[in-house]
Amino acid sequence: MRILGLIPARGGSKGIPGKNAKLLNGTPLLGYTAKAALAATHLDSVVFSSEDYELITIAKEFGLDAPFIRPADLATDGASSLSVVQHAIDYFKGLGAHFDAVCLLQVTTPFRTSEDIDAAIQKFKTQGTDALVSVQKVPHVYNPHWVFTETQNGRIALATGTNEIIGRRQDLPPAYIRDGAIYLCKTEVIMQQNSLYGKSLAYIESDPDTYVNIDGPEDWDRAEQIAKNL
């Protein structure tokens, strides 16, 4: 199975201006993901996707290949990750190159390691699912069996659709949220189903002690502390 590692990053950022190029403990943010991806042994190729020439220059300094300039319409707030991945697949298809799957690695989750990437790919291959995502375990107080959604007339109902509340924390089934650090999906699913998840989805848990998804200043401060500790 040939797997393409794809690192997307755009120049614009509202929460933290210039975020993807900003120095995090002395290293440009995108450098953390670049190092991890290039050190992973199960990625057949790693490329950088951006519309921003400064980011492309930084990416190349870290050894990333940036074979194309991402179209401006795929670098807006409204552009989806799916469309960015499909653009990369189409680019390589035009060159006659085929990858069986894509591993999407977002710059804003900087502390996933090469070992994390390789472990995810190994599990993806073993499970044989359409896709795999990295996850964080949901604290029990936010478990969907204890979460309510509004229905009608000011009433609420369990988010799971069940009628009975599970009384004891110990009886709650594990629940997870995707954390954005790793997405793996078969190329045919991405292109034919227009999905990064497919119809069968495996998962791998990220280390909660080194996990952060940088969106705003508070996230950046946490990332700085993690980087110093590492």
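Here SG of Cys185 is found 8.0 Å from CD1 of Ile89. Values are rounded to the nearest 0.5 Å. One finds the NZ atom of Lys19 at 8.5 Å from the CG atom of Asp219 (value rounded to the nearest 0.5 Å). One finds the OG1 atom of Thr187 at 11.0 Å from the CD atom of Gln86 (value rounded to the nearest 0.5 Å). Once rounded to the nearest 0.5 Å, the distance linking CZ of Phe48 with CG of Leu6 reads 9.5 Å.
Residue pairs satisfying the side chain to side chain donor-acceptor pair (under 3.5 Å) criterion with at least one member in residues 33-45, sequence neighbours excluded, are listed as follows: Thr33-Arg112, Thr41-Asp118. Among residue pairs with one or both ends in residues 149-166, those qualifying as side chain to side chain donor-acceptor pair (under 3.5 Å) are Thr160-Thr162; sequence neighbours excluded. Sorted by first and then second residue, the side chain to side chain donor-acceptor pair (under 3.5 Å) pairs with a member in residues 50-63 form an empty list; sequence neighbours excluded.
Residues passing the salt bridge (Lys or Arg N to Asp or Glu O under 4.0 Å) test with Arg168, sequence neighbours excluded: Asp171. Remark: Gln106 pairs with no residue by the side chain to side chain donor-acceptor pair (under 3.5 Å) rule, at least two apart or across chains. In this view, Arg70 satisfies the salt bridge (Lys or Arg N to Asp or Glu O under 4.0 Å) rule with no residue, not counting sequence neighbours. The ring pair (Phe, Tyr, Trp, His ring centres under 6.0 Å) test applied to Phe111 returns Tyr32, not counting sequence neighbours. Shown here are the ring pair (Phe, Tyr, Trp, His ring centres under 6.0 Å) partners of Phe148, two or more places apart in sequence or in another chain: there are none. Residues satisfying the ring pair (Phe, Tyr, Trp, His ring centres under 6.0 Å) test with His140, not counting sequence neighbours, are Trp146. Legend: residues meeting ring pair (Phe, Tyr, Trp, His ring centres under 6.0 Å) with Phe92, ordered by chain and number and at least two apart, are Phe99. With sequence neighbours left out, Asp179 forms a side chain to side chain donor-acceptor pair (under 3.5 Å) with Ser134, Gln136, Ser206.
Formation of a donor-acceptor pair under 3.5 Å by the Lys123 side chain with backbone atoms of Tyr203 is found in this model. No side-chain donor-acceptor contact under 3.5 Å links Asn20 to the backbone of Gly11. Between the side chain of Asn143 and the backbone N or O of Pro173 there is at least one donor-acceptor pair closer than 3.5 Å. Between the side chain of Gln193 and the backbone N or O of Glu188, no donor-acceptor pair lies under 3.5 Å.
Residues Ile165 and His145 form no side-chain contact, since every pair of their non-hydrogen atoms from C-beta on lies 4.5 Å or further apart. Within the 4.5 Å cutoff, side-chain heavy atoms of Leu104 are placed close to those of Pro8. Residues Ile56 and Ile69 meet the side-chain proximity criterion, which asks for heavy atoms closer than 4.5 Å. At a threshold of 4.5 Å between non-hydrogen side-chain atoms, the residues Leu24 and Glu224 count as touching. Residues Val212 and Pro110 have side chains in contact (heavy-atom distance under 4.5 Å, counting atoms from C-beta outward). Within the 4.5 Å cutoff, no side-chain heavy atoms of Val147 are placed close to those of Leu158. Contact of the Thr27 side chain with the Phe62 side chain is registered, since non-hydrogen atoms from C-beta on lie closer than 4.5 Å. For the pair Asp65/Val46, no side-chain contact is recorded, criterion being any heavy-atom separation below 4.5 Å from C-beta on.
Minimum interatomic distance between Ile3 and Val102 (heavy atoms only, all atoms of both residues): CG2-C, 4.5 Å. Minimum heavy-atom separation, Ile214 to Trp220: CG2-CE3, 3.8 Å. Here the shortest heavy-atom pairing between Ile7 and Ala34 reads CD1-CA, 4.0 Å. Nearest heavy-atom pair, Asp90 versus Met191, reported as atom, atom and distance to 0.1 Å: OD1-CE, 3.3 Å. The shortest heavy-atom contact between Ile182 and Cys103 is CG2-SG, 4.1 Å. Here the shortest heavy-atom pairing between Gly180 and Thr109 reads O-OG1, 3.5 Å.
Neither Val135 nor Tyr211 shares a network with the other; the hydrophobic side chains, linked directly or stepwise wherever heavy atoms of I, L, V, M, F, W or Y lie under 4.5 Å apart, form separate groups for each. Residues Leu132 and Ile117 are members of one and the same hydrophobic cluster, defined by side-chain heavy-atom contacts under 4.5 angstrom among Ile, Leu, Val, Met, Phe, Trp and Tyr. Criterion: ILVMFWY side-chain heavy atoms under 4.5 Å apart, direct or through other members. Under it, Ile204 and Met1 are part of a common hydrophobic cluster. Using a 4.5 Å cut-off between side-chain heavy atoms of Ile, Leu, Val, Met, Phe, Trp and Tyr, with links allowed through other members, Val84 and Tyr91 fall into different hydrophobic clusters. Note: the hydrophobic cluster containing Leu184 does not contain Val85 (ILVMFWY, side chain heavy atoms under 4.5 Å, direct or indirect links).
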- Message: Run Phe68 and Ser49 through side chain to side chain contact (heavy atoms under 4.5 Å, CB included) and show every step you take.
- Response: CA-CA 7 Å; Phe68 53 78; Ser49 170; 3.6 Å; yes
- Start with the C-alpha distance between Leu82 and Ile190, add both sets of side-chain angles, then the distance that settles side chain to side chain contact (heavy atoms under 4.5 Å, CB included), and finish with yes or no. CA-CA 7 Å; Leu82 174 63; Ile190 295 169; 3.8 Å; yes
- Chi angles and distances behind the side chain to side chain contact (heavy atoms under 4.5 Å, CB included) call for Leu196, Ser81: CA-CA 9 Å; Leu196 290 174; Ser81 296; 4.2 Å; yes
- Task: Quick one: do Gln127 and Thr129 satisfy side-chain hydrogen bond (donor to acceptor under 3.5 Å, both in side chains)? Show the steps, please.
- Result: CA-CA 5 Å; Gln127 293 278 313; Thr129 54; 5.8 Å; no
- Just do the side chain to side chain contact (heavy atoms under 4.5 Å, CB included) check on Leu29 and Lys22 with the steps written out, would you? CA-CA 6 Å; Leu29 180 60; Lys22 185 177 179 179; 5.7 Å; no
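With no hydrogens or angles considered, a side-chain donor-acceptor pair links Asn229 and Gln225 at under 3.5 Å.
Summarising the local packing, CD of Glu218 is surrounded by 12 or fewer heavy atoms from other residues, nucleotides or ligands at distances under 6.0 Å. Within 6.0 Å of atom CG in Asn213, more than 12 heavy atoms from other residues, nucleotides or ligands are found, so the atom counts as buried in its surroundings.
The other members of the hydrophobic cluster of Tyr142, by chain and number, are Val138, Val141, Ile177 (side-chain heavy atoms under 4.5 Å, ILVMFWY only).
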